[in-house]
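Worth saying up front: this structure is predicted, and the values here are computed from it rather than measured. Just so you know, these numbers use all the heavy atoms, side chains as well, and skip hydrogens, waters and symmetry mates.
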Amino acid sequence: MGPPCDSSQNRARPTGAARNPLGLKDGIENPDTASARQMDELVRVGESGGEPAWAVGGSCRAIRAIRTLVGPWDEVALQRQERIIGRRKADGAPLGRTDETDAPTSATTRTAP
């Protein structure tokens, strides 16, 4: 495992996902925009979606505002941060996996109650 990440640094990267203000790799699970199947299934409004006819073939935008308390997060031990997120901070790989693009295991994912 590599050295701990300083979440106040967002160094240039040759490959992989960018880091968010908490120092975690972000955007790892985005749909493949080159895949027509994924775009049709996950992004574009379909005819059977119950949306108005004018929306078919289009998409919706969701905007979220997140208050990020970086200071308190940086005080949390690295191992606990990784258990909370389910990914290693140094390389973004899911816990128990080797690469940031590997699928998480069911043992490292949680669902909201």
Can you list every pair that meets side-chain hydrogen bond (donor to acceptor under 3.5 Å, both in side chains) and has a residue in residues 61-72, with sequence neighbours left out?
none
Any pair with a residue in residues 41-57 that passes side-chain hydrogen bond (donor to acceptor under 3.5 Å, both in side chains), sequence neighbours left out, goes on the list, sorted by first then second residue, please.
R37-E41, D40-R44
State, to 0.1 Å, how close [X] and [Y] come at their nearest heavy-atom pair, and which atoms those are.
X: R87; Y: P104; result: NH2-CG, 4.2 Å
X: W73; Y: I85; result: CH2-CG1, 4.0 Å
X: P31; Y: V43; result: CG-CG2, 4.3 Å
X: D99; Y: P94; result: O-CD, 3.3 Å

Spatial distance of atom CD (Q79) from atom CD (Q81) [nearest 0.5 Å]
9.0 Å
Nearest 0.5 Å, what's the CZ-CG distance between R97 and D91?
13.5 Å
Treat each ILVMFWY residue as a node, draw an edge where side-chain heavy atoms are under 4.5 Å apart, and state whether L24 and V70 are in one component.
yes
Answer whether the closest heavy-atom distance between the side chains of [X] and [Y] falls below 4.5 Å.
X: K89; Y: L78; answer: yes
X: L95; Y: R88; answer: yes
X: M39; Y: T33; answer: yes

